[in-house]
Amino acid sequence: MRRTAGRGDDLERFRGARCQVSDVEADPSFVVSVPVDPLLRAAAARATVDAAPVDVTALYREHRRRLMGLAAAITLDAAVAEEMVHEAFIGLQRHAATVENPVGYLQRSVVNLSINLIRRRRVAARHPVVVPPPASSPEVDETWAAVVRLPPRQRAVVALRFWQDMTIDGIADTLDWPPGSVKSTLHRALKRLEEELR
C-alpha cells in the first residue's frame, strides 16, 4: 500500500536553493508583488493631484456672460440662453467630482442643451396645440381683449385689483408705488376700458 503524502511532504518538494516558493503560513510577511503598468500608475498619481474640488461659484462669475453669449447665438433667445447656462452649471455641480475639464464641460453642456431646445421647439411646431373655443360669455371675452390692449402698467394694476382682489394699498406694496400712483393708473385704465367697450 502506497503512503499518501501529507501537506508537509508536498511543500518539501518545492523547497530548495533553486526554488523561490516558501510556506506562506510560515512567513506572515509574505506579500505577492504584482507588476503595475507604469501608465496606470501615472494616471492614478495624476488623478490624486488633479482631484482638487471644482469651485463652481468662481467658474460662474468668470464664464457666465461668455456662455450666455454662446447660448444666445445658438437659440437666438436671450431669456432662454440664461436658462441653458443655469442648467449647465447645475449639471457641473452634480458631476463636479468626476469632471476633468469644467470649462469644456460647461461649453459642451450649453451647446447640447441649446441644440436640444431647438429640436424640441421644431417638434412642438410640427404638432400645434389646438386651443378650444372659450367657454365664457362673449362679453367677458371682449373685456379680456380690451384688457390685453392696455399698456403693461395699467394691465398689471387691473389684473391685481380685479383678478387678484387686492386693495389699492396691497397693490402699492406689491409694486412699490405710492398709493396715489396706483389710483391714477387704475382710473386711466378703467376709463380706457369703458371707452373701448361702449
Side-chain angles (χ1 to χ4, degrees), residues 39-40 42-136 141-164 166 170-178 181-182 185-186 188-189 192-193 196:
L39 294 176
L40 292 176
R46 266 198 320 276
T48 55
V49 171
D50 296 341
V54 176
D55 189 351
V56 178
T57 306
L59 286 169
Y60 184 81
R61 287 194 196 107
E62 186 177 351
H63 297 284
R64 182 182 69 91
R65 281 184 183 275
R66 184 178 60 77
L67 292 170
M68 280 180 60
L70 175 64
I74 297 169
T75 62
L76 304 177
D77 188 337
V80 169
E82 190 167 1
E83 289 178 28
M84 299 299 100
V85 172
H86 282 264
E87 285 291 323
F89 274 98
I90 290 169
L92 176 62
Q93 184 74 44
R94 277 197 210 112
H95 303 102
T98 58
V99 173
E100 291 181 15
N101 178 4
V103 176
Y105 175 90
L106 289 168
Q107 285 181 301
R108 278 192 309 278
S109 295
V110 166
V111 170
N112 291 337
L113 288 166
S114 300
I115 291 171
N116 288 341
L117 174 74
I118 291 169
R119 285 180 183 147
R120 285 196 304 272
R121 283 181 172 176
R122 284 181 184 155
V123 170
R126 285 197 298 266
H127 306 284
V129 177
V130 178
V131 180
S136 58
D141 291 338
E142 287 176 18
T143 305
W144 176 245
V147 169
V148 168
R149 288 191 294 272
L150 289 172
R153 287 169 63 96
Q154 292 181 12
R155 190 166 60 243
V157 171
V158 168
L160 290 171
R161 178 69 184 95
F162 296 103
W163 273 272
Q164 299 290 317
M166 293 178 71
I171 296 170
D173 286 343
T174 300
L175 300 178
D176 197 21
W177 293 358
S181 296
V182 174
T185 303
L186 182 60
R188 284 194 300 273
R192 182 169 172 171
L193 288 173
E196 284 201 28

**Separation between OG1 of Thr185 and CZ of Arg161, rounded to the nearest 0.5 Å** = 14.0 Å
**Asked** Got a sec, which residues hit side chain to side chain contact (heavy atoms under 4.5 Å, CB included) with Met68, two or more places apart in sequence or on another chain?
**Response** Arg64, Glu82, Val85
**Point-to-point distance, once rounded to the nearest 0.5 Å, from CG of Leu106 to CE of Met84** = 14.0 Å
**side chain to side chain contact (heavy atoms under 4.5 Å, CB included) against Leu76, all qualifying residues, sequence neighbours excluded** = none
**Prompt:** Between atom CG of Asp173 and atom CE of Met166, what is the distance when rounded to the nearest 0.5 Å?
**Reply:** 7.5 Å
**Request:** Grab the two heavy atoms, one from Pro178 and one from Ala172, that are nearest each other, plus how far apart they are.
**Result:** C-CB, 4.3 Å
**Request:** Please tell me if the side chains of Val110 and Gln107 come closer than 4.5 Å, counting only heavy atoms from C-beta onward.
**Result:** no
**Asked** Any side-chain heavy atom of Thr143 sitting closer than 4.5 Å to one from Phe162?
**Response** no
**Asked** Quick one: does Glu83's side chain get under 4.5 Å of Thr75's, heavy atoms only?
**Response** no
**Request:** Indicate yes or no: at least one non-hydrogen side-chain atom of Leu160 is less than 4.5 angstrom from one of Val182.
**Result:** no
**Sub-4.5 Å side-chain heavy-atom contact between Val157 and Leu150** = no
**Point-to-point distance, once rounded to the nearest 0.5 Å, from CG of Leu67 to CG of Leu59** = 9.5 Å
**Message:** For a 4.5 angstrom cut-off between non-hydrogen side-chain atoms, does Arg192 reach Val158?
**Reply:** no
**Complete:** side-chain hydrogen bond (donor to acceptor under 3.5 Å, both in side chains) filter on Glu196, not counting sequence neighbours, yields Arg149
**Message:** Below 30° counts as parallel, above 60° as perpendicular, anything between as tilted: where do the rings of Tyr60 and Phe89 land?
**Reply:** perpendicular
**Side-chain donor or acceptor of His95 paired with backbone N/O of Gly91 under 3.5 Å** = yes
**Message:** When you compare the side chain of Arg121 with that of Ile118, does any pair of heavy atoms fall below 4.5 Å?
**Reply:** no
**Request:** Look up atom CG in Asp176 and atom OG in Ser181, then write down how far apart they are to the nearest 0.5 Å.
**Result:** 10.5 Å
**Fill in**
Taken to the nearest 0.5 Å, the spacing of Leu117 CG from Arg122 CZ works out to 10.5 Å
